[in-house]
Enquirer: 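The structure follows.
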Amino acid sequence: MMRPFIEVVRRFRWEPFGTTDLVEKLGYATGYARNFLSQATRQHLLITGPKKRKREKTFMVNPSVIKKIVLKGGKEKEELLEALGLRSKYLGEYVALKGFEVVDHDLNLYRLGERIFSDEEGQDEIVITNVSLPKKIITIEI
């Protein structure tokens with residue numbers, strides 16, 4: 001389930017998509033795409049998006065899932081950070097994520113924490129984590 005989810009994050013991020021998008025852009029079989037959408041929606045990995053056409057449902061990646069995957073750690077976290085393009089941009093740094101968006105980053109965890117903690121608005125939606133090999137391995141939930 002996580003492999004297709006990571007591919008959806010890599011390709012669509014905030015964009016709404018439907019079954020035909022999964023078939024055309026990711027090369028999935030129609031039945032597989034429908035099953036994936038059904039299971040991912042039940043597991044709250046995806047949320048329903050705005051309708052493009054009358055009969056076609058659209059979906060979007062649930063941004064709160066990003067925080068959950070990062071806090072869980074492991075291989076899924078690394079794959080997600082790669083899919084978001086953070087490895088190439090922030091390798092060895094700490095990043096503060098709010099959904100798909102990097103709100104701040106720094107080589108020094110404590111400086112980053114001070115900046116993030118100084119602004120109390122939206123802290124419950126932010127997660128700070130390392131990208132690849134940091135000086136100190138730690139994940140902080142704010």
Side-chain angles (χ1 to χ4, degrees), residues 1-109 111-134 136-142:
M1 172 58 75
M2 285 311 291
R3 193 72 178 146
F5 175 72
I6 296 295
E7 291 303 316
V8 164
V9 169
R10 179 176 282 121
R11 176 61 183 94
F12 300 107
R13 294 194 191 179
W14 291 107
E15 294 177 41
F17 60 91
T19 306
T20 54
D21 295 318
L22 293 178
V23 171
E24 292 171 5
K25 295 177 182 171
L26 296 179
Y28 294 161
T30 305
Y32 181 83
R34 286 184 183 141
N35 286 337
F36 165 72
L37 291 172
S38 175
Q39 285 182 342
T41 303
R42 267 188 264 126
Q43 293 177 7
H44 304 289
L45 298 173
L46 302 177
I47 54 178
T48 56
K51 290 192 175 192
K52 291 181 181 178
R53 290 173 230 130
K54 287 185 178 182
R55 293 188 171 212
E56 185 180 4
K57 277 187 180 180
T58 60
F59 302 87
M60 296 172 64
V61 175
N62 185 349
S64 66
V65 171
I66 303 303
K67 180 178 176 180
K68 291 176 187 174
I69 292 172
V70 168
L71 290 174
K72 186 177 175 185
K75 185 180 177 183
E76 291 175 354
K77 172 193 157 194
E78 294 304 319
E79 289 176 352
L80 178 67
L81 295 178
E82 179 70 32
L84 292 173
L86 301 182
R87 271 201 175 165
S88 60
K89 209 170 184 182
Y90 303 105
L91 187 63
E93 292 188 50
Y94 295 95
V95 294
L97 293 170
K98 185 174 183 178
F100 303 103
E101 182 182 349
V102 174
V103 292
D104 201 353
H105 63 95
D106 202 316
L107 286 169
N108 186 307
L109 174 63
R111 283 192 306 240
L112 176 60
E114 284 176 356
R115 289 193 304 270
I116 296 298
F117 286 124
S118 68
D119 181 22
E120 294 186 23
E121 189 176 315
Q123 283 185 358
D124 59 332
E125 299 171 12
I126 295 175
V127 63
I128 297 176
T129 191
N130 59 299
V131 179
S132 197
L133 301 172
K136 296 177 182 174
I137 299 174
I138 188 168
T139 299
I140 300 172
E141 180 179 0
I142 300 176

Enquirer: Could you go through E114 and S118, starting from their C-alpha distance and side-chain angles, then the distance that decides it, and tell me whether this counts as side chain to side chain contact (heavy atoms under 4.5 Å, CB included)?
Expert: CA-CA 6 Å; E114 284 176 356; S118 68; over 6 Å; no

Enquirer: Could you tell me whether the side chain of D104 and the main chain of A96 form a donor-acceptor pair under 3.5 Å?
Expert: no

Enquirer: Looking only at heavy atoms, what is the nearest atom pair of F17 and V8, with distance?
Expert: CZ-CG1, 3.4 Å

Enquirer: A side-chain contact here means heavy atoms from C-beta on lying under 4.5 Å apart; do L26 and F12 qualify?
Expert: yes

Enquirer: Quick check: closest heavy atoms across G92 and L107, and the distance to 0.1 Å?
Expert: O-CD2, 3.7 Å

Enquirer: Search all heavy atoms of A33 against all heavy atoms of V23 and return the closest pair with its distance.
Expert: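 A33 and V23 have their closest heavy atoms at CB-CG2, 4.2 Å.
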
Enquirer: Please report the interatomic distance CD(E125) to CD(E101), rounded to the nearest 0.5 Å.
Expert: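 Between E125 CD and E101 CD, I get 11.0 Å after rounding to 0.5 Å.
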
Enquirer: Between atom CD1 of I126 and atom CD1 of I116, what is the distance when rounded to the nearest 0.5 Å?
Expert: 5.0 Å

Enquirer: Of all heavy-atom pairs between V95 and H105, which one has the smallest distance, and what is that distance?
Expert: CG1-CB, 3.9 Å

Enquirer: Yes or no on side chain to side chain contact (heavy atoms under 4.5 Å, CB included) for L46 and V61, after CA distance, side-chain angles and deciding distance?
Expert: CA-CA 5 Å; L46 302 177; V61 175; 4.1 Å; yes

Enquirer: Nearest 0.5 Å, what's the CG-CD distance between N62 and Q43?
Expert: 12.0 Å

Enquirer: In a table with atom names and distances, give each donor-acceptor pair under 3.5 Å that connects a side chain of residues 81-91 to protein atoms at least two apart or in another chain.
Expert:
from, atom 1, to, atom 2, distance (Å)
R87, NH2, E78, OE1, 2.7
S88, OG, G85, O, 3.3

Enquirer: Looking only at non-hydrogen atoms, find the nearest pair between N108 and Y94 and report the distance.
Expert: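 Looks like C-CD1, 4.3 Å.
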
Enquirer: Check the orientation of F36 and Y28. Use parallel for under 30°, tilted for 30 to 60°, and perpendicular for over 60°.
Expert: perpendicular

Enquirer: Start with the C-alpha distance between R11 and D21, add both sets of side-chain angles, then the distance that settles salt bridge (Lys or Arg N to Asp or Glu O under 4.0 Å), and finish with yes or no.
Expert: CA-CA 10 Å; R11 176 61 183 94; D21 295 318; over 6 Å; no

Enquirer: Roughly how far, to the nearest 0.5 Å, is CG of L97 from CG of L80?
Expert: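 With rounding to 0.5 Å, CG (L80) is 8.0 Å from CG (L97).
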
Enquirer: Say you draw a straight line from CG of L71 to OG1 of T129; how long is it, rounded to the nearest 0.5 Å?
Expert: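 With rounding to 0.5 Å, CG (L71) is 8.0 Å from OG1 (T129).
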
Enquirer: I'd like to know whether T30 forms a side chain to side chain donor-acceptor pair (under 3.5 Å) with R34, so could you lay out the CA-CA distance, the side-chain angles of the two residues, the decisive distance to 0.1 Å, and finally the verdict.
Expert: CA-CA 6 Å; T30 305; R34 286 184 183 141; 5.8 Å; no

Enquirer: Give the intermediate values and the outcome of salt bridge (Lys or Arg N to Asp or Glu O under 4.0 Å) for residues R10 and E7.
Expert: CA-CA 5 Å; R10 179 176 282 121; E7 291 303 316; 2.8 Å; yes

Enquirer: Can you confirm whether N130 sits close enough to K77 that some side-chain heavy atom of one is under 4.5 Å from a side-chain heavy atom of the other?
Expert: yes

Enquirer: Can you name the closest pair of heavy atoms from P63 and I47 and give their distance?
Expert: CD-CD1, 4.5 Å

Enquirer: Assess the residue pair D106 and R115 against the criterion (side chain to side chain contact (heavy atoms under 4.5 Å, CB included)); give the C-alpha distance rounded to whole Å, side-chain angles, the decisive distance to 0.1 Å, and a yes or no.
Expert: CA-CA 10 Å; D106 202 316; R115 289 193 304 270; 2.9 Å; yes

